[in-house]
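Below you'll find the structure, written out as structure tokens, and then a few comments.
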Amino acid sequence: MLTGDIPPNQTIYIKNLNEKVKKEELKRSLYALFSQYGRIVDIVALKTPKLRGQAWVVFSEVTAASNAVRQMQNFPFYDKPMRIQYSKTKSDCIAKAEGTYDKKKKQEEKVERKTRGREGPQTTTSNGPTADTNGGPPASTWQAKSGAQEAAAEPNNILFIQNLPYETTCMMLEVLFKQYPGFREVRMIEAKPGIAFVEFEDDMQSSVAMQALQGFKITPQNPMAITYAKK
DNA sequence: AGCACA
């Protein structure tokens, strides 16, 4: 496969990212894009000469990482197809959480790397990489229980919204979704209350809106369940 | 192309 022979890891390594995108924006977009696969623990992106154009997204579960590797492979992100693999090593934040983080060893590894490549790392402001945006991502409610879709669908510029209250109108959804760039239109079907389709210009924009509004409650009983529409 | 976390 494209992932080579790297064993599964809860951290994914992404390359071929657009280097013009600013670090903070990049992290936010990656977060928006990937949190549909599971809880994201951390995102690391550096702009040093060696490391620009790459990022690590740390999931809390390996399965989430696996889905992300498969489904977002070559996803056009800022006009460039993402190349995704499992990370070769365990992320520090995971090692720390497991209590297996060894500071001494870390230091030695660093020295080694320095001796065969003369890049001094630069500064990396660490602006809350994860928990910023819209409060924490939702735990895990809404699994569509019809068994219809279990492994998140492929990205699509059209979103499929479920679990809406019956009184929901196109206008209400429009108000919610048109705040995200690339919004095109909302479609509802008279005969099928409780669901809607929302179209964006491209997959990336629909993904951002999905993440932002996932679980949004029009009434307390109706957290929106948003997935990509089937092609 | 390039696997880090300060």
Side-chain angles (χ1 to χ4, degrees), chain A residues 1-137 204 207 211:
Chain A
M1 285 266 307
L2 258 166
T3 64
D5 38 3
I6 305 153
N9 189 308
Q10 63 188 272
T11 301
I12 58 172
Y13 167 71
I14 310 169
K15 61 183 179 182
N16 199 40
L17 293 169
N18 189 325
E19 300 181 9
K20 286 178 293 206
V21 183
K22 289 197 300 298
K23 199 173 45 182
E24 286 313 318
E25 177 183 343
L26 181 69
K27 285 187 183 179
R28 282 178 61 95
S29 298
L30 286 171
Y31 185 85
L33 211 53
F34 281 100
S35 54
Q36 56 181 302
Y37 297 102
R39 168 142 237 133
I40 293 174
V41 176
D42 196 15
I43 297 182
V44 175
L46 291 296
K47 292 279 238 170
T48 59
K50 265 283 170 36
L51 293 172
R52 62 184 54 148
Q54 301 151 77
W56 289 260
V57 176
V58 188
F59 288 98
S60 64
E61 304 286 345
V62 189
T63 53
S66 300
N67 286 329
V69 169
R70 288 202 316 270
Q71 307 207 7
M72 296 303 266
Q73 197 58 260
N74 301 324
F75 181 90
F77 189 61
Y78 294 104
D79 303 317
K80 300 185 70 179
M82 293 196 271
R83 302 277 127 89
I84 313 176
Q85 299 168 349
Y86 292 112
S87 173
K88 281 180 183 160
T89 57
K90 181 177 296 205
S91 295
D92 283 1
C93 64
I94 300 300
K96 280 174 186 157
E98 288 174 345
T100 55
Y101 183 72
D102 183 346
K103 202 168 187 174
K104 293 247 176 62
K105 195 159 152 201
K106 219 49 222 209
Q107 231 104 65
E108 291 160 19
E109 288 169 4
K110 265 216 162 125
V111 173
E112 262 200 42
R113 264 180 265 133
K114 274 227 168 119
T115 46
R116 69 179 108 129
R118 49 208 44 184
E119 306 285 359
Q122 293 170 359
T123 26
T124 306
T125 49
S126 54
N127 247 350
T130 37
D132 46 278
T133 20
N134 333 293
M204 191 169 126
S207 299
Q211 159 55 19

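Residue numbering restarts at 1 for every chain, and letters A, B, ... go by the order of the sequence lines. Nothing here was measured: the structure is a model prediction, and the numbers come from that model.
At a threshold of 4.0 angstrom between heavy atoms, the contacts of A/Gln107 with the nucleic acid are absent. Within 4.0 Å (heavy atoms only), A/Lys90 reaches at least one base atom of the nucleic acid.
Using cut-offs of 30° and 60° for the angle between ring planes, the A/Phe34 and A/Phe59 rings count as perpendicular.
Distance CD1 (A/Ile14) to P (B/dC3): 15 Å, rounded to an integer number of Å. Atom CG in A/Asn16 sits roughly 11 Å away from atom C1' in B/dG2 (whole-Å rounding). What separates NZ of A/Lys50 from C1' of B/dA1 is a distance of 11 Å, to the nearest Å. For A/Ile12 and B/dC5, the CD1 to P distance is 18 Å, given to the nearest whole Å. Atoms CZ (A/Arg83) and P (B/dG2) sit 13 Å apart, rounded to a whole Å. Between A/Ile43 atom CD1 and B/dA4 atom C1' there is a gap of 14 Å when expressed in whole angstrom units. For the pair A/Gln10 CD and B/dC5 P, the computed distance is 18 Å after rounding to whole Å. Taking atom CD of A/Gln54 as the reference point, atom P of B/dC5 lies 12 Å away to the nearest angstrom.
Between the side chain of A/Asn18 and the backbone N or O of A/Tyr78, at least one donor-acceptor pair lies under 3.5 Å. A donor-acceptor contact shorter than 3.5 Å links the side chain of A/Asn9 to the backbone of A/Thr89.
For A/Ser91 against B/dA4, a side-chain N or O and a base N or O form a donor-acceptor pair under 3.5 Å.
Side-chain atoms of A/Ser87 lie closest to B/dA4 of the nucleotides B/dC5, B/dA4, B/dA6. Comparing B/dC3, B/dC5, B/dG2 against the side chain of A/Glu19 picks out B/dG2 as the nearest. Closest to the side chain of A/Lys96, from the set B/dG2, B/dA6, B/dC5, is B/dA6.
Between A/Met204 and A/Phe75 the shortest side-chain heavy-atom distance falls below 4.5 Å.
A donor and an acceptor atom, one from each side chain of A/Tyr86 and A/Ser66, are located under 3.5 Å apart.
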